[in-house]
Amino acid sequence: MPALLAIWGEVPPEHETEHLHWLLREHAAERLGVPGFLAVRVLRSAPGRTLILYELADAAVLSSPAYLARLDDPTPWSRRIMPMLRGFARGGGPVVAAHGAGHGGCVLAWRLDAVPDPAALPAALVREDRVCALRLMVVDQAGSGLPTAEKALRGGDAPFAALLLLEGTDQAALRQAAAWHRDALGPVGDGAAYGTAFAMRA
């Protein structure tokens, strides 16, 4: 079953350029060199604030020897960046519901403390104007919670239970579509808005 790894972090404005250079020039390619990592997107909601989405072949990649070897041997550049990160959250797991196709340049992301019923998600959302995809990822707590050298550099990661993504061509359309289907979405709140800054495939 396809899986996602989602990572949130924020750096002070004076470190944003270095953080982005680290992602674009080293870290993304390093991760995509791990078997089972298929693609990455770096999304931004504000200066210095990012959501990184990795597409995985399956959730077993999270605890694979090749990936854990990278997490336990961070590069010198990673060792410099990791302590700068604030508001860090990380979790990965299987995509248990997916409607629509492709990826939008704009994303609404809900980081959830409880897992909604996948069968109750409104598939009709992806038929609204300028909306292309709706996905739900449930965090594999065991695979995501393994202690690593990288995690120690950050001082730990904020936990969450699931990630809901709504994607399309512009934020206004996504907000409107989510509002029209508010009852079906349940008590998820408004979601955080992101735009795609960078993408790469293995």
Side-chain angles (χ1 to χ4, degrees), residues 1-10 22-23 26-43 49-75 78-79 81-99 103 107-121 133-167 185-189 191-192 194 200-202:
M1 180 182 292
L4 289 173
L5 173 62
I7 299 171
W8 286 263
E10 185 173 354
W22 169 72
L23 286 170
E26 179 185 273
H27 196 65
E30 178 196 72
R31 290 299 189 253
L32 293 182
V34 175
F37 275 73
L38 307 178
V40 61
R41 284 189 294 163
V42 177
L43 310 172
R49 192 175 304 160
T50 57
L51 166 60
I52 305 168
L53 295 175
Y54 290 101
E55 295 178 33
L56 309 177
D58 55 56
V61 176
L62 294 166
S63 55
S64 68
Y67 183 41
L68 292 178
R70 291 302 327 135
L71 292 175
D72 279 325
D73 187 23
T75 68
S78 294
R79 289 183 180 277
I81 291 291
M82 290 290 173
M84 298 179 187
L85 296 168
R86 300 292 180 267
F88 200 91
R90 173 187 173 278
V95 176
V96 300
H99 303 291
H103 298 297
V107 176
L108 282 184
W110 290 267
R111 193 167 78 203
L112 305 176
D113 294 326
V115 179
D117 178 5
L121 289 180
L134 176 70
R135 295 181 179 87
L136 175 66
M137 179 269 283
V138 174
V139 174
D140 173 353
Q141 300 295 345
S144 300
L146 294 170
T148 67
E150 275 197 7
K151 188 175 291 188
L153 288 171
R154 299 189 296 266
D157 305 340
F160 62 104
L163 170 68
L164 184 62
L165 297 171
L166 182 64
E167 305 196 36
L185 284 172
V188 297
Y194 295 88
M200 180 187 290
R201 296 198 66 83

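Residue indices begin at 1 and follow the sequence shown. Fair warning: this is a prediction, and the values are worked out from it, not measured in the lab.
- Put simply, the side chain of Val107 reaches to within 4.5 Å of the side chain of Arg41, judged on heavy atoms.
- Using a distance-only test at 3.5 Å, with no hydrogens or angles considered, a donor-acceptor pair links the side chain of Asp72 to the main chain of Ala149.
- Residue Val188 comes nearest to Trp110 through the heavy atom pair O-CD1, 3.0 Å, listed as atom of the first residue, atom of the second, then distance.
- For the residue pair Glu30/Thr75, the side-chain donor-acceptor check at 3.5 Å is not satisfied.
- Considering Leu121, Leu108, Val115 in turn, Leu121 is the only one that fulfils the side-chain contact (heavy atoms from CB on, under 4.5 Å) rule with Leu164.
- Using a 4.5 Å heavy-atom cutoff, the side chains of Leu71 and Leu146 are not in contact.
- For the pair Val139 and Gly91, the tightest heavy-atom approach, listed with the atom from each and the gap, is CG1-CA, 4.2 Å.
- Taking the side chain as every heavy atom from C-beta outward, Leu153 and Pro74 approach each other to under 4.5 Å.
- Between the CG atom in Leu38 and the CZ atom in Arg201 there is a gap of 6.5 Å [rounded to 0.5 Å].
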Next on the checklist: Does Met200 form a side chain to side chain contact (heavy atoms under 4.5 Å, CB included) with Arg31? I'd like the steps, not just the answer.
Outcome noted: CA-CA 11 Å; Met200 180 187 290; Arg31 290 299 189 253; over 6 Å; no
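- Rounded to the nearest 0.5 Å, atoms CG (Leu43) and CH2 (Trp8) are 10.0 Å apart.
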Checklist entry - Are Tyr194 and Thr50 close enough, and set up right, to give a side chain to side chain contact (heavy atoms under 4.5 Å, CB included), and what steps lead you there? => result CA-CA 8 Å; Tyr194 295 88; Thr50 57; over 6 Å; no
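- In this structure, Pro83 and Arg86 approach most closely via the heavy-atom pair O-NH1, 2.7 Å.
- With rounding to the nearest 0.5 angstrom, the CZ atom of Phe37 is 11.0 Å from the CZ atom of Arg70.
- Taking each heavy atom of Met137 and Gly92 in turn, the nearest pair found is SD-C, 3.8 Å.
- Taking all atoms of both residues into account, the shortest heavy-atom contact from Ala114 to Ala162 is O-CB, 4.3 Å.
- Listed by chain and number, the residues in a ring pair (Phe, Tyr, Trp, His ring centres under 6.0 Å) with His99 amount to none (sequence neighbours excluded).
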Side chains of residues 61-68: which donor-acceptor partners sit under 3.5 Å, not counting sequence neighbours?
| from | atom 1 | to | atom 2 | distance (Å) |
| --- | --- | --- | --- | --- |
| Ser64 | OG | Val61 | O | 2.9 |
| Ser64 | OG | Tyr67 | N | 3.3 |
| Tyr67 | OH | Arg90 | NH2 | 3.1 |

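- Here the CG-CG distance, from Leu51 to Leu165, works out to 7.0 Å after rounding to the nearest 0.5 Å.
- Closest of all the heavy-atom pairs between Arg135 and Ala98 is CG-CB, 4.2 Å.
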Next on the checklist: Using the rule given for side chain to side chain contact (heavy atoms under 4.5 Å, CB included), can you reason through Leu4 versus Glu55, listing the C-alpha separation, both sets of side-chain angles and the distance that settles it, and then say yes or no?
Outcome noted: CA-CA 5 Å; Leu4 289 173; Glu55 295 178 33; 4.1 Å; yes
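- Annotation: side-chain hydrogen bond (donor to acceptor under 3.5 Å, both in side chains) contacts of Asp140 (sequence neighbours excluded): none.
- Here the CG atom belonging to Leu112 is positioned 7.5 Å from the CG atom belonging to Leu163, to the nearest 0.5 angstrom.
- Using the six-membered ring where Trp is involved, His27 and Tyr54 have ring planes that are perpendicular, over 60° apart on the 30 and 60° scheme.
- In this structure, the side chains of Ile52 and Val40 come closer than 4.5 Å at one or more pairs of heavy atoms.
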